[in-house]
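Data block below; observations after.
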Amino acid sequence: MTIKEYLKKFEEGDERALSKIITIIENGYEESKEILEYIGKRTGKAYRIGITGPQGSGKSTLIAKLAKRLLSKFKEIGIIACDPSSPFSFGALLGDRIRMNELFLEKGIFIRSMATRGSLNGLAYKTKEVADILDAFGKEIIIIETIGVGQVEVEISNLVDTTIVVFVPESGDGIQVLKAGLTEIGDIFVVNKSDRIGADILFYELKNLIEMSYQNSKWKPPVILTQAVNNYGIEELEKEIINHYNYLIENNLLEEKRKKAVIRELVNNFENEILKILWQSERVKKLFEKVVEEVWEKKITIEEGVKKLIKEVKYVK
Amino acid sequence: MSNKDWEELEEAYKKWEEMVKDLPECTLPSFSTISNIPVKKVYTPLDIKNFDYLRDLGFPGEYPFTRGIRHTMYRGRLWTMRQFSGFGTAEDTNKRFKFLLSHGETGLSVAFDYPTLLGRDSDDPMARGEVGVCGVAISSLRDMEILFDGIPLDTVSTSMTINGPAAVIWAFYLLTGEKQGVPFYKLRGTIQNDILKEYIAQKSYIFPPEPSLRIIVDIMEFASKEVPKWNTISISGYHIREAGSTAVQELAFTLMDGFTYVEEGIKRGLDVDTFAPRLSFFFNAHLDFFEEIAKFRAARRIWAREMKNRYGAKKKESLLLRFHTQTAGCSLTAQQPENNIIRTAYEALAAVLGGTQSLHTNSMDEAWALPTEKAVLIALRTQQILAYEIGVTNVIDPLGGSYYVEYLTNKLEEEAYRYFEKIEKMGGMVAAIKAGFPQREIAEAAYRYQKEIEEKKRIIVGVNEFVLENEKIEIPLLKIDPEVERRQIERLHKLRRERDNIVCERKLKELKMAARSNENIMYPILECARVYCTLGEIINALKEVFGEYKEEAFF
Amino acid sequence: MEKKKIKILIAKPGLDGHDRGAKVVARGLRDAGFEVIYTGLHQTPEMIVNTAIQEDVDIIGLSILSGAHMTIFPEVLRLLKEKGATDIHLFGGGIIPDEDKEKLYQMGVGKLFDPGTKISEIVEYINNLFKEKVSE
Ligand code: B12
Ligand SMILES: Nc1nc2c(ncn2[C@@H]2O[C@H](COP(=O)(O)OP(=O)(O)O)[C@@H](O)[C@H]2O)c(=O)[nH]1
Ligand SMILES: [Mg+2]
């Protein structure tokens with residue numbers, strides 16, 4: 001099939017075309033450009049939710065239960081589940097989906113697993129683009145799960161409207177992580193596995209911490225106790241997502257937030273392109289090599305070398 | 001031995017070790033047990049320095065039962081020769097039972113088909129293509145009556161590999177006995193009924209752990225009153241091992257499961273001595289001869305000690321680890337299947353030297369299909385040759401006192417205790433299972449084993465060495481008639497037409513009420529079974545109350 | 001961009017609980033550099049095909065030791081056809097008598113692997129398949 005045909009089927013709501021198109025983007029095939037042009041103008045309707053938190057904290061299970069609940073209000077839900085690729089074999093065992101077993105036969109639910117393939121920000125390389133595709137396809141809700149390596153995965157909050165951060169009692173270092181920056185990205189905090197010892201303590205610690213850090217903020221992120229496996233607390237989670245949505249709308253923040261994301265993306269892509277162009281220039285490359293030698297032989301300092309290079313930039317077309 | 005003697009011995013050993021240390025050892029890729037316990041080339045008293053005969057071994061039939069649970073062992077009574085069998089309809093399997101009994105089998109063992117194992121009727125949509133294929137299809141009391149037609153249940157003991165729906169299948173059996181005029185208290189046999197290892201290894205669970213454990217305690221309680229000769233749980237390491245575990249894991253996880261059942265019974269307020277004597281075990285006999293023998297001996301010693309010290313059992317019967325053994329199916333190969341006869345014979349020998357009470361020997365066609373009559377007969381003959389021709393039944397625990405075997409017995413015991421500690425720290429076996437701990441340990445071991453074979457760190461004859469190019473399999477294979485499914489469904493529909501459906505519905509309602517209360521559930525299950533409610537109907541009623549277990553895949 | 005990542009679905013259909021082999025294979029293929037999804041137990045053919053389509057896998061591998069292969073393989077094939085996904089290669093392994101293997105090959109099922117198979121043989125098979133696919 002040609003790209004035109006795929007896009008036509010895509011427009012008709014064909015899941016297989018959707019899936020094929022995602023593959024093309026994920027693998028960065030030539031046709032990507034054409035697809036992204038088509039997609040780019042059709043996004044913005046879906047509400048995006050991100051879920052981050054340590055591996056094994058129950059993110060996938062939570063998503064399964066949450067999506068099941070959301071199905072009573074929304075017909076079309078897309079889920080993107082990121083899993084790590086092995087740094088040794090570059091293979092991956094994509095294990096999120098198996099937790100979402102109960103959704104396999106739900107019409108309107110589309111789940112796609114993505115391996116990180118070396119990406120380091122907790123998401124697969126083309127996560128944003130895939131979310132855009134799902135959006136353009138007509139998904140009303142898109143849920144994105146990060147891999148959760150334990151470190152701070154802030155990138156997710158740039159992609160979504162509501163970011164949920166999941167903790168579990170056994171992640172005793174939870175508070176440290178929180179101090180290290182997760183408070184800034186979380187719109188909702190979840191203490192999952194609250195059937196386990198230590199959940200209450202963590203819950204109150206989190207609550208205090210957030211109250212302190214958000215004293216001057218209009219949105220005070222709620223902390224919710226859940227037990228994903230037992231389907232407990234999911235109703236409240238759903239409620240808080242809706243609250244957050246309303247908050248964004250009422251304060252005209254949704255548009256602002258999304259615009260900021262667009263700006264960030266534009267800046268990023270712009271800068272990347274510039275760098276690419278620069279490094280493609282033979283003159284820059286030559287000069288660079290020369291500068292390296294001069295700095296190495298201590299003929300000039302690094303600062304002087306940079307100045308020399310900047311001058312050259314002017315001649316790059 | 002005096003201190004001086006020890007010193008002398010130690011010195012002599014060191015000297016010898018020094019002398020031989022550079023000699024080449026190259027016949028195998030590595031020298032370790034199949035579970036990767038490294039082993040030395042020779043064992044001496046130095047390896048069991050703290051050995052205390054009376055404390056560690058004692059005498060056969062006496063605490064701690066390391067040497068065996070009976071005073072006379074095989075001189076008084078041979079192990080029960082019990083071949084696991086079942087296929088097609090109840091009629092087909094009934095014929096196979098009679099065939100085996102007529103050739104000297106001394107106990108029955110029923111293999112159920114997939115739908116039955118999972119509590120589904122033969123006409124369940126998920127049962128398509130599976131009816132009677134991997135075992136016998138039993139959807140109601142009617143099928144069970146046919147299965148044992150002409151087999152007097154007061155004369156044989158019957159073991160049934162059934163777990164999730166154990167209570168229902170047992171009810172069918174008890175009522176079949178009753179119809180033959182054999183009262184409950186005379187019936188002898190075993191239901192596997194070991195749900196914990198289902199979550200860990202066999203995967204034919206139905207309900208979540210908590211209600212499952214409740215049903216199991218109900219069964220233990222019911223049996224202690226009404227069916228005193230019945231083994232209510234066969235705590236099974238077999239499946240754990242077959243799923244890929246090491247010998248140590250098999251030992252540790254199985255005993256831990258056993259302790260959990262004991263604790264559940266005690267929690268219910270039952271006196272440990274009323275139900276513990278009816279707990280039995282089921283182990284694997286794998287290829288590593290000495291390791292397996294050591295495993296059986298360690299198991300007996302640990303169980304006796306813990307039952308006595310930790311659970312305060314007073315009766316001798318409560319301390320006895322009685323066990324059935326099956327040779328390792330997973331050690332048998334699709335390639336050159338005739339070789340499996342030899343593997344099985346060695347494994348069976350280990351089971352007997354390890355003091356088993358009952359034995360199943362696999363057939364040579366194991367890796368292809370359920371056994372043909374011919375194949376199963378050879379497997380049975382293997383046991384008979386073992387029992388009557390080679391002299392191993394003359395002397396009890398003939399390997400007792402071997403430095404190596406005693407060392408390995410201690411070693412396995414030690415390693416098992418290490419696992420006990422870990423699991424207790426996690427909050428016990430149920431918590432560990434929910435967290436996927438034993439499942440992960442096993443998956444890891446299974447993968448390691450596969451890699452060892454691929455990398456030729458282990459030799460499997462016919463698979464990675466001594467391979468026949470372009471081999472053609474020449475043994476005949478059993479084929480299940482596809483008509484079985486149709487016939488079985490027909491019988492089921494006829495049953496539904498002929499029975500009193502209004503009574504059935506009422507009984508099922510009562511069952512659900514009982515399930516919601518804390519009544520013993522065996523009584524209402526028997527009531528349902530008696531009026532020919534089907535397996536699927538009874539299990540579905542219970543699912544409404546208890547929910548269903550969904551497994552997670554742990555790697 | 002390096003060469004396309006091959007994505008594989010390893011599935012356990014029906015009531016079969018024998019998962020040792022499926023897990024070993026899934027893990028082995030991961031370690032050989034493939035992206036693998038394991039469905040877990042008790043999947044219906046419909047669940048398997050839905051998953052395969054959403055994940056746009058290149059290959060579905062069924063692991064069947066329960067003897068239900070003559071029911072399940074044809075049903076998965078039928079669903080793949082119905083959903084226009086015949087480009088997804090279907091193969092598998094487990095306990096499948098040679099006689100049945102022949103019949104399934106006739107229907108268009110790919111290679112079926114016996115007990116004792118090395119993961120490296122499976123890897124080789126997949127790589128060959130993929131080579132052919134690219135040169136088509
Ligand atoms: C281990 C085992 C078990 C274990 C399973 C543990 C587990 N969690 O997996 C236990 C003890 C629990 C068990 C139970 C039963 N078993 Co069983 N079991 C076996 C046994 C001995 C070995 C299977 C095994 O794991 N081998 C090791 C793995 C690594 O190999 P493998 O699975 O064959 O996989 C390799 C290849 O087949 C291939 N492969 C497999 N899948 C796939 C998939 C793909 C995509 C590819 C490319 C390749 C591939 O590559 C793998 C690597 O080499 C076989 C007989 C045998 N020797 O093969 C019987 C066997 C499969 N079992 C059988 C039966 C009947 C049962 C029961 C139904 C018995 C009963 N009535 O109670 C129960 C059912 C349990 C359940 N819930 O499913 C029969 C099936 C008969 C049939 N199909 O006609 C067999 C053949 C034994 C027999 N002859 O009777 N069993
Ligand atoms: N005890 C408990 N376990 C849970 C709960 N939620 C999820 N789990 C389990 O935690 C494990 C990891 O869950 P998963 O959803 O895969 O976590 P993820 O890695 O964050 O996506 C699984 O075994 C879940 O069943 C919960 O509320 N309580
Ligand atoms: Mg996950």
Side-chain angles (χ1 to χ4, degrees), chain A residues 1 5-6 9 14-30 32 78-118 124-126 130 133-134 137, chain C residues 1-13 19 22-59 79-88 119-120 122-123 126-127 130 134:
Chain A
M1 249 191 272
E5 283 167 323
Y6 270 136
K9 290 227 144 199
D14 183 281
E15 244 189 26
R16 182 129 176 86
L18 163 63
S19 196
K20 284 280 176 205
I21 281 173
I22 291 176
T23 304
I24 293 169
I25 296 298
E26 191 181 14
N27 290 313
Y29 293 155
E30 279 170 43
S32 292
I79 297 170
I80 303 172
C82 300
D83 265 311
S85 300
S86 156
F88 306 108
S89 69
F90 307 108
L93 243 173
L94 306 163
D96 295 318
R97 194 183 178 94
I98 198 167
R99 303 267 183 274
M100 307 181 189
N101 233 306
E102 59 197 288
L103 303 176
F104 285 7
L105 291 177
E106 294 290 353
K107 280 222 148 42
I109 293 217
F110 184 95
I111 306 170
R112 183 65 174 238
S113 313
M114 293 179 79
T116 53
R117 299 182 183 177
Y125 277 116
K126 298 290 168 58
V130 173
I133 296 170
L134 288 170
F137 188 73
Chain C
M1 214 67 204
E2 354 102 72
K3 69 172 194 180
K4 181 195 181 300
K5 273 275 167 207
I6 300 176
K7 213 169 166 183
I8 304 170
L9 181 67
I10 300 293
K12 282 295 307 176
D19 59 359
K23 283 187 180 177
V24 163
V25 168
R27 207 163 146 178
L29 293 178
R30 189 267 313 266
D31 288 350
F34 298 107
E35 290 184 352
V36 182
I37 298 172
Y38 172 58
T39 59
L41 295 174
H42 302 163
Q43 303 292 299
T44 62
E46 202 187 352
M47 285 161 117
I48 293 167
V49 171
N50 272 7
T51 295
I53 287 180
Q54 293 191 354
E55 297 287 356
D56 194 25
V57 296
D58 302 282
I59 307 170
L79 285 167
L80 283 174
K81 202 176 268 169
E82 185 183 298
K83 306 204 172 187
T86 45
D87 58 322
I88 299 177
I119 306 290
S120 56
I122 303 172
V123 170
I126 297 172
N127 282 335
F130 199 65
V134 168

Between A:E26 and C:K5, does the salt bridge (charged side-chain N to carboxylate O under 4.0 Å, His left out) criterion hold? Intermediate values first, please. CA-CA 10 Å; A:E26 191 181 14; C:K5 273 275 167 207; over 6 Å; no
Which pair of non-hydrogen atoms, one from A:K20 and one from C:D56, has the smallest distance, and what is that distance? NZ-OD1, 3.1 Å
Applying a strict 4.5 Å limit to non-hydrogen atoms, the region of C:K83 in contact with chain A is backbone
A:T23 vs C:K7, side-chain contact (heavy atoms from CB on, under 4.5 Å): CA-CA, chis, key distance, verdict: CA-CA 10 Å; A:T23 304; C:K7 213 169 166 183; over 6 Å; no
Output the distance between atom CD (C:E55) and atom CZ (A:F110), rounded to the nearest 0.5 Å. 7.5 Å
Note, C:D87 side chain near A:R16 side chain (heavy atom, < 4.5 Å): yes
Step through the shown structure and confirm whether more than 12 heavy atoms of other residues, nucleotides or ligands are within 6.0 Å of CD on A:E30. no
Please state whether the side chain, the backbone, both or neither of C:F34 comes within less than 4.5 Å of a heavy atom of chain A. backbone
Neighbourhood of chain C inside residues 98-106 of chain A, taking heavy atoms under 4.5 Å as contact: A:I98, A:N101, A:F104, A:L105
Let's test your reading of the structure: which of A:S85, A:S113, A:S86 forms the most heavy-atom pairs below 4.5 Å with chain C? A:S113
Please give me the minimum heavy-atom distance between C:Q54 and A:R112, naming the atom from each residue. O-NH1, 3.0 Å
With rounding to the nearest 0.5 angstrom, report the OG1 to CZ distance, C:T51 to A:R97. 4.0 Å
